[in-house]
Amino acid sequence: MGTERKRKVSLFDVVDDSATIAGKLPKSNGGNLLTMNNGITNLSINRWNGRPYSPRFFEILEKRKSLPVWQQKEEFLQVLNNNQTIILVGETGSGKTTQIPQFVLEAVELESPDKRRKMLIGCTQPRRVAAMSVSRRVAEEMDVTLGEEVGYSIRFEDCSNARTVLKYLTDGMLLREAMTDPLLERYKVIILDEAHERTLATDVLFGLLKEVLRNRPDLKLVVMSATLEAEKFQDYFSGAPLMKVPGRLHPVEIFYTQDPERDYLEAAIRTVVQIHMCEPPGDILVFLTGEEEIEDACRKINKEVANLGDQVGPVKAVPLYSTLPPTMQQKIFETAPPPVKEGGPPGRKIVVSTNIAETSLTIDGIVYVIDPGFAKQKVYNPRVRVESLLVSPISKASAHQRAGRAGRTQPGKCFRLYTEKSFHNDLQPQTYPEILRSNLANTVLTLKKLGIDDLVHFDFMDPPAPETLMRALEVLNYLGALDDEGNLTRLGEIMSEFPLDPQMGKMLVASPEFNCSNEILSISAMLSGRHQQLSSLGSMPLVGMYHRVSKEAQKAADEAKARFGHIDGDHLTLLNVYHAYKQNQEDPNWCYENFVNQRALKSADNVRQQLVRIMARFNLKLCSTDFNSRDYYINIRKAMLAGYFMQVAHLEKTGHYLTVKDNQVVHLHPSNCLDHKPEWVIYNEYVLTSRNFIRTVSDIRGEWIVDIAPHYYDLENFPNCEAKRVLERLYKKREKDREEGKNRK
DNA sequence: GCTGCCTGG
């Protein structure tokens with residue numbers, strides 16, 4: 001055993017490497033590299049947990065050293081030592097996400113004034129799965145237990161403790177931490193990974209960290225990105241040094257079409273068939289825009305190849321999109337089908353995917369990529385405060401990323417279904433950052449909570465349109481989260497603690513006043529989260545029956561839906577589904593028989609528990625109106641109005657709904673559960689598809705509007721319309737009632 | 001009479 005250990009130790013030539021670097025570091029940072037507490041350097045003992053290294057540690061170390069980023073380890077540590085901020089550019093396969101944080105750990109002194117715990121290295125990721133899987137890998141590489149010296153932190157799950165020195169976390173989570181620790185004092189070094197993705201949270205962190213760095217000269221920042229926008233980052237961070245690390249991808253040959261394609265779906269299918277007939281073995285990845293298109297394409301591919309007979313090998317076309325159940329998603333990792341008969345032409349796997357395969361999910365073995373050049377993207381219209389999805393051309397950066405998916409395991413080919421000229425002239429260099437495509441009400445609330453008072457002069461890398469910021473401030477002011485000077489109110493402070501949009505946060509905080517916080521908690525949990533999309537039956541978390549089932553099954557699903565339906569609206573229907581789920585002890589069989597999506601309900605329950613904890617923190621009462629009371633549902637509907645009074649529509653004499661104040665013509669989404677057309681409705685979403693729809697709607701009363709939201713329904717600032725005249729009458733009636741009330745007293 | 005890319009707290 002002893003000799004074994006010694007032999008392995010000799011492989012550990014990193015020691016010399018690090019020692020040289022340690023020599024160049026300032027004295028306070030130097031001494032204790034690979035030194036145990038007793039001051040004796042012991043190379044077979046893991047510095048982090050004091051245990052002997054396992055043989056596996058040395059095996060992995062050898063592999064790690066072959067990663068491109070190791071070539072520049074010394075250079076990186078020098079640059080880190082001499083600068084507060086570094087921009088590091090490394091493409092796929094460079095090893096930056098796993099190795100750079102470990103390099104930093106070796107070189108940085110983590111003692112804190114508080115002797116009980118060390119300071120942290122934090123590394124952000126845009127996605128939860130990445131934070132979890134990368135931390136697991138790094139814990140293994142460092143030969144420590146996950147959740148101890150190396151951990152991760154994501155919503156619902158903090159897998160770290162007082163001994164943790166390296167923590168991977170989502171960018172949104174770091175933003176949350178900043179709300180209670182504005183100078184991020186627990187951190188010694190922060191690494192923002194995947195910065196090129198420009199998520200909303202990463203963009204806010206950019207601006208925030210720029211300020212924090214000024215106040216914390218001891219804090220260091222490493223911004224890691226894929227190549228394309230690096231110089232822009234460098235400019236933004238006042239000329240921080242830029243380091244480039246090569247990636248390790250196989251070459252990918254790019255092909256363009258001679259002429260523009262009229263129908264990209266038809267062209268994509270044709271290309272699949274051509275590749276299958278003419279190209280050597282290797283799996284194909286096709287990028288399309290949405291569920292319907294993808295299911296359709298899979299069917300057509302399977303059919304067309306079957307029609308070719310046994311001159312070609314069999315294919316297996318598998319769909320991939322985020323709302324596909326996990327068991328179905330697993331199919332993309334299955335191998336290609338075997339030849340039909342021994343010695344026959346080989347089979348091929350064809351993955352037809354949304355953008356999820358561009359960044360979030362990696363499929364090995366892809367040799368051919370088909371890129372029609374489109375994706376569904378979120379766009380925001382600040383004038384009507386509506387986010388919608390639009391099929392639009394992708395950016396050059398996105399096209400580059402897609403092509404790279406063909407070269408992960410061997411040289412590949414990428415077929416772009418547009419002309420080379422179009423690529424150069426028509427595609428934008430970068431995808432618009434999310435911050436320019438979103439409603440910023442929630443972001444502005446977070447910024448205010450973070451102490452950023454002057455939003456206009458906040459140093460955004462890409463400043464949002466002033467109108468978008470104004471709209472956000474206006475919404476927050478109407479909700480009472482900001483006062484007229486734009487300062488955060490006590491209410492706003494509480495709202496900011498909820499992981500919900502401001503309207504929903506307000507509804508929840510107001511709900512105890514309406515004696516129904518238990519029910520509003522359930523409705524909020526059902527509305528938030530992704531599960532709404534899992535259903536084709538409108539916004540109900542019932543099992544989707546979309547395009548895949550018989551008329552009978554559809555009918556059964558409709559009946560199940562009717563069983564939960566509440567005539568006063570979809571919000572109350574959601575509440576019914578939640579209650580029924582709990583009453584039936586969350587039984588999977590019951591869910592199945594009633595077309596209830598168990599996964600969706602589970603996740604809603606999880607969200608609900610988190611919200612309950614936050615309610616408790618602020619001493620917000622958990623209460624319900626007696627179920628037998630006439631007011632049970634009325635109170636719930638009133639509480640909803642307290643948050644959503646800006647999302648109200650009025651039924652005009654013409655039979656159309658007009659949104660209040662904006663006067664947009666909208667239609668009730670056909671998925672609604674109402675049995676009548678109420679005069680006033682609140683809605684949860686405004687969706688632009690074949691028409692302007694409002695989805696998830698409930699019946700509310702005009703009398704409640706003038707009671708609960710008179711500041712918004714201020715007639716002096718109200719466009720002339722039918723709703724205004726109705727409101728005028730209601731205000732007069734209210735005044736008269738009050739007078740009479742006074743007289744009686 | 002409809003169906004929506006991805007992601008975060």
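Lettering of chains follows the sequences in order, A, B, ..., and the numbering in each one begins at 1.
- For residues 442-450 of chain A, proximity to DNA chain B is found at A:Asn442, defined as any non-hydrogen atom under 4.0 angstrom from a strand atom.
- Phosphate contact (OP1/OP2 of B:dC6, side-chain N/O of A:Thr354, threshold under 4.0 Å): present.
- For the ring-ring contact (aromatic ring centres under 6.0 Å, His included) test, no residue two or more places apart in sequence or in another chain qualifies with A:Tyr380.
- If you check B:dT3, B:dC5, B:dG1 against the side chain of A:Glu291, the one that comes closest is B:dC5.
- Contacts of A:Arg186 classified as salt bridge (Lys or Arg N to Asp or Glu O under 4.0 Å), with partners at least two apart in sequence or in another chain: A:Glu177.
- At a cut-off of 3.5 angstrom, the base of B:dG4 holds at least one donor-acceptor pair with the side chain of A:Glu685.
- Note on A:Asp570 versus A:Arg695: no salt bridge recorded, every NZ/NE/NH1/NH2 to OD/OE distance being 4.0 Å or above.
- Listed candidates were B:dG1, B:dT7, B:dC5. Nearest to the side chain of A:Arg127 is B:dT7.
- Nucleotide B:dT3 holds its P atom 13 Å from the CG atom of A:Asn672, rounded to whole Å.
- Rounded to whole Å, atom P of B:dG8 lies 16 Å from atom CG of A:Leu192.
- Distance, A:His196 NE2 to B:dC6 C1': 14 Å, rounded to whole Å.
- When heavy atoms are screened at a 4.0 angstrom cut-off, A:Ile356 is found touching the sugar-phosphate backbone but no base atom.
- Among the heavy atoms of the strands lying under 4.0 Å from A:Thr170 are primed sugar atoms or P, OP1, OP2 only; no base atom is included.
- When the P atom of B:dC5 is taken as reference, atom CZ of A:Phe374 falls 16 Å away, rounded to whole Å.
- Comparing A:Pro499 and A:Gly290, the nucleotide of DNA chain B nearest to each residue sits closer to the 5' end for A:Gly290.
- Of the candidates B:dG4, B:dG8, B:dT7, the closest approach to any side-chain atom of A:Thr689 belongs to B:dG4.
- Listed by chain and residue number, A:Asp459 satisfy the salt bridge (Lys or Arg N to Asp or Glu O under 4.0 Å) test with A:Lys210 (two or more places apart in sequence, or in another chain).
- Regarding contacts with the backbone of B:dC6, every side-chain N or O of A:Thr359 stays at 4.0 angstrom or more from both OP1 and OP2.
- Taking every side-chain heavy atom of A:Ser322 into account, B:dC6 is the closest of B:dC5, B:dC2, B:dC6.
- Side-chain proximity of A:Arg695 to the nucleotides B:dC6, B:dT3, B:dG4 is greatest for B:dG4.
- With sequence neighbours left out, A:Glu266 forms a salt bridge (Lys or Arg N to Asp or Glu O under 4.0 Å) with A:Arg270.
- Nucleotide B:dC5 holds its P atom 22 Å from the OH atom of A:Tyr380, rounded to whole Å.
- With ring centers used as reference points, A:Tyr264 lies under 6.0 Å from A:Phe374.
- Following rounding to the nearest Å, A:Tyr168 (OH) and B:dG8 (P) show an atom-to-atom distance of 18 Å.
- For the pair A:Leu169 CG and B:dG9 P, the interatomic distance rounds to 9 Å; values are reported in whole Å.
- Among residues two or more places apart in sequence or in another chain, the side-chain contact (heavy atoms from CB on, under 4.5 Å) test is passed with A:Lys449 by A:Met179, A:Leu488, A:Glu493, A:Ser496, A:Glu497.
- Here A:Arg155 does not reach the OP1 or OP2 of B:dT7: none of its side-chain N or O atoms lies under 4.0 Å away.
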